[in-house]
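What you are looking at is a predicted structure, and each value in this text was computed from that prediction instead of being measured. Per chain, numbering begins at 1; letters A, B, ... match sequence-line order.
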Amino acid sequence: MDRIKTIETRDLCASAEGCGECQTSCGVANQPCEN
Amino acid sequence: MHHQYKLNGYNIVLDTCSGSVHLVDDVAYDIIAMYPQHTPEEICRSVGEKYAGRPDVTEEEIRKCIAAVEELKARHKLFTPDTYEPLAGAYKNGSTVIKALCLHVAHTCNLNCSYCFASQGKYHGQRALMTPEVGRQALDFLVAHSGSRRNLEVDFFGGEPLMNWPVVKELVAYARSLEAAHHKNFRFTLTTNGVLLDDEVTEFCNREMHNVVLSLDGRREVHDRFRKDYAGRGSYDTVVPRFQRFVEKRGDKSYYIRGTYTHYNTDFTQDIFHMADLGFRELSMEPVVCSPEDPCALTQEDLPVLFRQYEILAEEMLRRHRQGRPFTFYHYMLDLRHGPCIYKRIAGCGSGTEYMAVTPWGELYPCHQFVGDERYSLGNVWEGVTRPQVQEEFRACNAYTRPECGDCWARLYCSGGCAANSYHASGSVQGVYRYGCELFKKRMECAIMLQAALSQEETP
């Protein structure tokens with residue numbers, strides 16, 4: 001029985017491995033990564 | 001750290017530091033809640049007792065579920081340790097790049113909204129229009145300080161920017177003339193109350209503006225309570241047809257309708273649904289920012305009402321999506337798959353460092369909400385930042401700045417919160433606006449539920 005279903009998300013740990021091209025926010029977690 | 005909650009029939013588990021989201025059944029939900037503090041034997045016994053009447057919850061099943069949790073932990077999808085704090089200072093301290101300016105092209109307005117944070121567009125100062133010379137210098141300043149950043153943003157803001165429309169057009173043309181030589185891509189945005197929104201403005205915006213914010217508070221009586229002209233007349237009947245015409249011609253380019261809700265309309269979802277029923281699809285509704293003594297200020301007693309409103313909004317958005325008539329809500333537009341990297345989540349909005357506001361006189365402020373407060377003047381577009389000590393206050397702001405955020409599951413979604421809200425609530429840009437935190441967390445819970453639900457519907 002599948003009691004846990006994991007939604008596909010961006011891996012924040014991998015993203016630590018910062019181009020700064022994304023839009024300035026006023027929200028932080030919303031705007032798509034530009035690069 | 002993880003956060004788990006139940007909403008709209010979903011059991012949701014968020015792993016704060018990996019960004020992973022899991023939809024789980026009741027058994028897994030209970031196991032995950034116990035896992036950090038209990039042994040597998042204790043979990044097995046407790047969960048077994050709770051679900052004793054369920055034939056599908058055998059000891060073997062419980063142990064299989066515990067093993068699945070352990071596997072997620074090993075794969076850094078659950079209970080992921082927080083290793084990001086050292087990145088926070090390094091990212092912001094290592095950059096002097098400026099990539100966005102908010103140009104206050106008009107410190108004046110043709111409406112007289114009593115709740116306006118900018119004191120009817122004057123920012124507690126004199127009425128003024130930005131000259132082309134100041135605007136061009138601001139754009140030169142931005143290009144000169146943008147380093148290797150290709151995408152630059154310029155907001156035309158006020159007051160009411162359409163009251164200085166010729167200068168807006170002139171500055172767009174000037175910026176476009178800089179793009180090729182400097183390898184830059186300008187993205188322009190405009191915020192307007194709609195009173196002067198005619199076909200010529202619409203055509204120009206649809207050609208040049210990456211996004212446009214249209215101010216509408218919702219139902220006629222709600223909008224007209226605050227958004228009046230200087231003769232005291234409400235502006236709903238003036239602006240709604242103009243917004244509808246604008247959006248009709250906008251095609252697939254971005255815009256959004258932005259409203260403000262107050263203590264007088266804590267049933268603000270009715271205003272959002274009204275916007276949707278008017279034909280608008282990209283919507284935003286924000287809590288008023290004002291003194292706690294103001295009669296329109298939100299109160300502690302309003303909080304549970306507002307929480308339920310955000311839930312109702314998410315439920316209705318899901319319903320309308322299934323009916324094929326969706327609309328978007330600014331704070332629910334989480335991009336779980338391709339959202340911002342950890343650096344962006346830690347660093348926040350960049351106010352005072354990579355984003356600044358420019359007054360009609362060319363003064364620099366950390367953001368539009370600090371304009372007019374001389375304590376936060378940063379410098380000007382000719383000399384640059386002349387008060388680096390002010391800038392350092394903002395450079396030090398990140399998701400790890402405030403001790404109060406240490407045990408908060410939402411800190412990588414809010415990055416420590418809005419510096420202006422913190423300042424107005426606590427007197428320090430590094431303080432905490434607790435009321436805002438509560439609203440933010442509820443919005444994130446609803447947003448994650450909505451996105452998780454939608455992702456399930458995309459899965460065959």
Side-chain angles (χ1 to χ4, degrees), chain A, chain B residues 13 17-25 27-28 31-32 56 61 64-65 68-69 72 76-77 80 83-84 87 91 95 97 99-100 149-151 153 187 330-331 333-345 348-351 354-355 367 412-415 418 444 447 451-452 455-456:
Chain A
M1 175 175 269
D2 196 6
R3 297 189 185 279
I4 302 175
K5 194 170 286 189
T6 298
I7 307 297
E8 186 187 346
T9 55
R10 182 174 188 180
D11 184 343
L12 294 185
C13 307
S15 79
E17 301 297 322
C19 72
E21 293 289 359
C22 55
Q23 287 187 65
T24 304
S25 51
C26 178
V28 170
N30 303 23
Q31 82 277 47
C33 174
E34 297 271 346
N35 191 17
Chain B
V13 178
C17 294
S18 71
S20 298
V21 176
H22 311 281
L23 293 179
V24 304
D25 74 355
V27 174
I31 289 172
I32 290 168
D56 63 316
E61 269 295 319
K64 268 173 64 178
C65 192
V69 169
L72 286 172
H76 298 295
K77 298 283 187 187
T80 305
T83 57
Y84 305 133
L87 303 177
Y91 183 63
S95 173
V97 161
K99 68 177 189 181
R149 294 290 185 278
R150 174 168 156 69
N151 293 321
E153 295 154 54
R187 289 188 290 209
Y330 184 90
H331 292 290
M333 292 169 68
L334 283 189
D335 188 339
L336 294 177
R337 292 180 195 171
H338 309 291
C341 64
I342 190 63
Y343 295 97
K344 177 67 179 174
R345 288 167 179 261
C349 69
S351 62
E354 60 182 25
Y355 164 63
C367 92
L412 296 182
Y413 289 85
C414 80
S415 310
C418 168
M444 284 302 102
Q451 295 302 327
S455 76
Q456 288 303 98

Discussion item. Counting heavy-atom pairs closer than 4.5 Å to chain A, which one of H22(B), R150(B), E153(B) comes out on top?
Written reply: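 Most pairs with chain A among the choices: E153(B).
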Item to complete: Could you check which of T80(B), L23(B), I31(B), V27(B) has the highest count of heavy-atom pairs closer than 4.5 Å to chain A?
Response: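 Heavy-atom pair counts peak at L23(B).
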Discussion item. What part of C17(B) gets within 4.5 angstrom of chain A, counting heavy atoms only: side chain, backbone, both, or neither?
Written reply: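 Contact with chain A: backbone only.
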Any side-chain heavy-atom pair of [X] and [Y] under 4.5 Å:
| X | Y | answer |
| --- | --- | --- |
| S15(A) | R10(A) | yes |
| R3(A) | E61(B) | yes |
| K77(B) | C13(A) | no |

Discussion item. Does R345(B) form a side chain to side chain contact (heavy atoms under 4.5 Å, CB included) with Y413(B)? I'd like the steps, not just the answer.
Written reply: CA-CA 6 Å; R345(B) 288 167 179 261; Y413(B) 289 85; 3.8 Å; yes
